[in-house]
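See below for the structure under consideration.
Here, residue 1 is the first one in the sequence, and each next residue gets the next number.
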Amino acid sequence: MKKIILWVFIILMLLNGGCIEKKTSEKKEDNKADNYLVYDIGKIPEDLKLLKGNDVRGKDLLLLLFEGLVKIDESGNIAPGIAESWTVSEDEMTYTFNLREDVKWSDGTKIKASDFVEFFKSILNPKQDNDYAYQLYYIFGAEDYKNGKKSFDNVAIRAKDDKTLQIRLNYPADYFIKILGQPIYTLRKVNKQLESWRETYNNINYSGAFIIDYVSETGEITLLKNENYYDMYKVKSDKIYVTALNSSEKALAGFKTSKINIFTNPPMGESKNLIIDGEGEAVPIDSGTSINFNLNKDGIIADVNFRKALSLAIDRENLAVENLNNTVKTAAAYLPDGLKEDNIFINRKMLIKNTADTVLSKKFLAESKYVNSKSFKLVYLNTIENKKLCEAVAKGIKEALDIHIDCKGYNESEFQDIIKNSDYDMILTDYTSFYKDSLALLESWVSTSKLNVYGYKNSEFDSLILKAKFEKDKIKRKELLEKVEEILIDDMPMMPLYFKNIVLCKKSNIEGIYITPEGNVKLDRAYVKN
């Protein structure tokens, strides 16, 4: 009997021990942020092509999974990527990239120069919807191929051998290498798997520091270090979790309860306290926020004096202090400060001011054809911050000019439909420099640009942009771009409000994160400090 009791006791102890072990395991799983980077990107990208729109946080994921010929380093400069070096011909029109000896896809097969040829062929394909295709029109034959006029054989992108890629341009453009540093030019096989990546992630070949190991039903992505990445020994995290909580309020709650340890752009009212507490950092980026006018419609919006009157009625300084908690810099021009090395244009006509100029605003309104007979529709992507901002702008204009503006927020799909159907008078929008050059922002307003959905047209503006592209003399080029920005401000198709900082929130034990001038968060060197 004693033996039976003893055996029962031992069995119970073992079973009890098993339960304790299981609970401990579950607890560890619930607190991933204790040991791993857990980064909330807000929303999961629909695909891993990311050739439509400007999903900055989605591009953060792209940079974890894929790498291009070149990349942006910790100092914001162009650095070698899959190409260990490159040379430029004497006439500055031919770029020769030398690929590293040890570069492989995540399945262990070698990355070859022909993979880049196929990549560029795919994203320039006439059937591929690509908002950024115009950036590659510097390449000889690229525009004709994209427009279906000639075959890809005419495009000057050649694999000289497995390790040598050659690209020839139409004319010298020393900023071409900066263009290639963007996340959208990271090497990937552009196919159906990138479209349905949440189901097909195991079949995707990755070229970057991490691979996707698992995507949960809730959308959480588990990343593992890519053991075939050429620089894997400099990647300090073996695993990263990427979440998508879909709102800054939820992200903040997750951060405060230590469910996540990295996220960006908290609720505006909390930003200042997070920075004071050492859990947040405001990092300037080459990005701004503006209210753009719908010039596709007839009516008073088409009157430039009316547009100038509205711009001068806005108190940008008050917006920055009262609505944006001093986390931004007011805009007195279109180009962000980070691009001023290339363009030092000063708003000579003072059409954009930090504080409202009611006298000058009323003067322009009197010179316009405005009749006090209607209200105007200002639309925005529906967030608490955007709502408060638009309502503050509308209130200021009402007080200064007695013009009524209806503010209306929409979810993302509705917002895109509003733009497509041109169902608005004004729209709150962000604008970002895709690469570090003034041209990156200014050329988006060319009448033929896919990004110019607002109907702005000015033949002199278009002509000067083209001249700036061809101009080799840096001083003359700067003068051309100064004139371009002056025309843009004088025509006022948009009202710049402020230049943005990215507010990066991270726990104190997180090290190695850096942010590019374009606003991308890079985690390839980041880790949890024990």
Side-chain angles (χ1 to χ4, degrees), residues 28-42 56-67 70-81 181 183 186 206 208-213 220-227 229-245 248 251-266 270-285 327 338 500-530:
K28 285 182 180 178
E29 187 66 20
D30 288 340
N31 293 285
K32 300 181 182 76
D34 290 343
N35 302 301
Y36 301 104
L37 300 175
V38 184
Y39 175 36
D40 185 74
I41 61 172
V56 179
R57 300 283 72 82
K59 290 176 183 177
D60 293 347
L61 180 60
L62 212 59
L63 288 171
L64 284 165
L65 301 173
F66 306 101
E67 189 162 301
V70 297
K71 59 186 177 182
I72 306 296
D73 67 13
E74 294 92 330
S75 301
N77 299 317
I78 292 292
T186 51
Y206 303 94
F210 292 87
I211 65 170
I212 297 178
D213 180 60
E220 182 180 83
I221 308 164
T222 305
L223 306 180
L224 295 181
K225 185 192 289 190
N226 179 3
E227 298 296 330
Y229 179 55
Y230 71 89
D231 218 10
M232 64 167 288
Y233 296 107
K234 290 184 179 178
V235 179
K236 296 186 178 180
S237 292
D238 292 325
K239 183 186 292 187
I240 293 177
Y241 292 96
V242 178
T243 63
L245 298 177
S248 59
L252 178 62
F255 185 74
K256 288 297 185 182
T257 55
S258 295
K259 296 297 183 185
I260 63 174
N261 47 30
I262 311 165
F263 77 110
T264 63
N265 297 331
E270 300 293 333
S271 296
K272 193 171 183 179
N273 289 333
L274 285 163
I275 293 170
I276 291 171
D277 293 341
E279 292 187 318
E281 179 185 5
V283 182
I285 57 175
T327 58
K500 299 176 70 174
N501 296 317
I502 180 171
V503 179
L504 174 69
C505 299
K506 67 181 183 68
K507 294 297 185 180
S508 59
N509 63 338
I510 305 298
E511 300 284 350
I513 297 178
Y514 59 103
I515 296 174
T516 70
E518 296 74 32
N520 291 116
V521 176
K522 297 198 72 176
L523 302 178
D524 56 319
R525 300 288 186 268
Y527 61 98
V528 178
K529 183 174 64 176
N530 293 321

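- In plain terms, the two heavy atoms of N226 and G208 that are nearest each other are ND2-O, 2.9 Å.
- Of the inter-residue distances, the one linking N265 atom CG with C505 atom SG reads 8.0 Å to the nearest 0.5 angstrom.
- Put simply, NZ on K59 and CD1 on I41 are 13.5 Å apart, with the number rounded to the nearest 0.5 Å.
- Ionic pairing of K32 and E220 is present here: one or more N-O contacts between side-chain nitrogen and carboxylate oxygen are shorter than 4.0 angstrom.
- For S237 against I240, the heavy-atom pair with the smallest separation is CB-CG1, 4.1 Å.
- Distance CG/L252 to CG/L245: 11.0 Å, rounded to 0.5 Å.
- Here the straight-line distance linking atom CD1 of I502 with atom OG1 of T264 works out to 4.5 Å at 0.5 Å rounding.
- Side-chain contact between L223 and L64 is present, with at least one heavy-atom pair separated by less than 4.5 Å.
- With sequence neighbours excluded, the residues that form a salt bridge (charged side-chain N to carboxylate O under 4.0 Å, His left out) with K71 are E67.
- In this structure, F210 has no ring pair (Phe, Tyr, Trp, His ring centres under 6.0 Å) partners at least two apart in sequence or on a different chain.
- By the neighbour-count criterion of 12 heavy atoms within 6.0 Å, atom OH of Y36 is sparsely surrounded, having that number or fewer from other residues, nucleotides or ligands.
- Between K259 and V38, every side-chain heavy-atom pair lies at or beyond the 4.5 Å cut-off.
- Put simply, CD1 on I262 and CG on L37 are 4.5 Å apart, with the number rounded to the nearest 0.5 Å.
- In summary, of the residues considered (L61, L63, L62), a side chain to side chain contact (heavy atoms under 4.5 Å, CB included) with L65 occurs for L61 alone.
- When all heavy atoms of G181 and I72 are compared, the closest pair comes out as O-CG1, 3.9 Å.
- Taking the six-membered ring for Trp, Y39 and F263 have ring centres at least 6.0 Å apart.
- Surrounding NZ of K272 are at most 12 heavy atoms belonging to other residues, nucleotides or ligands under 6.0 Å away.
- Scanning all heavy atoms of the two residues, the minimum distance from P266 to S271 falls at CG-OG, 3.5 Å.
- Shown here for D40 and A251, the closest heavy-atom pair between the two residues is OD2-CB, 3.8 Å.
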Result block: side-chain N/O donor-acceptor pairs under 3.5 angstrom for residues 506-516, not counting sequence neighbours:
unit_1: K506; atom_1: NZ; unit_2: I510; atom_2: O; d: 3.1
unit_1: K507; atom_1: NZ; unit_2: F255; atom_2: O; d: 2.9
unit_1: E511; atom_1: OE2; unit_2: K529; atom_2: NZ; d: 3.2
unit_1: Y514; atom_1: OH; unit_2: D524; atom_2: OD1; d: 3.0
unit_1: Y514; atom_1: OH; unit_2: D524; atom_2: OD2; d: 3.3
unit_1: T516; atom_1: OG1; unit_2: E518; atom_2: N; d: 3.4
unit_1: T516; atom_1: OG1; unit_2: E518; atom_2: OE1; d: 3.4
unit_1: T516; atom_1: OG1; unit_2: G519; atom_2: N; d: 3.4
unit_1: T516; atom_1: OG1; unit_2: N520; atom_2: N; d: 3.1

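- Between R525 and D231 there is a salt bridge, since at least one side-chain N of the basic residue sits less than 4.0 Å from a carboxylate O of the acidic one.
- With contacts defined as side-chain heavy-atom distances shorter than 4.5 Å, the pair K256/E279 qualifies.
- Residues E281 and I275 approach most closely at N-CG1, 4.2 Å, considering heavy atoms.
- Checked by atom type and distance alone, the side chain of D60 pairs as donor or acceptor with a backbone atom of V521 at under 3.5 Å.
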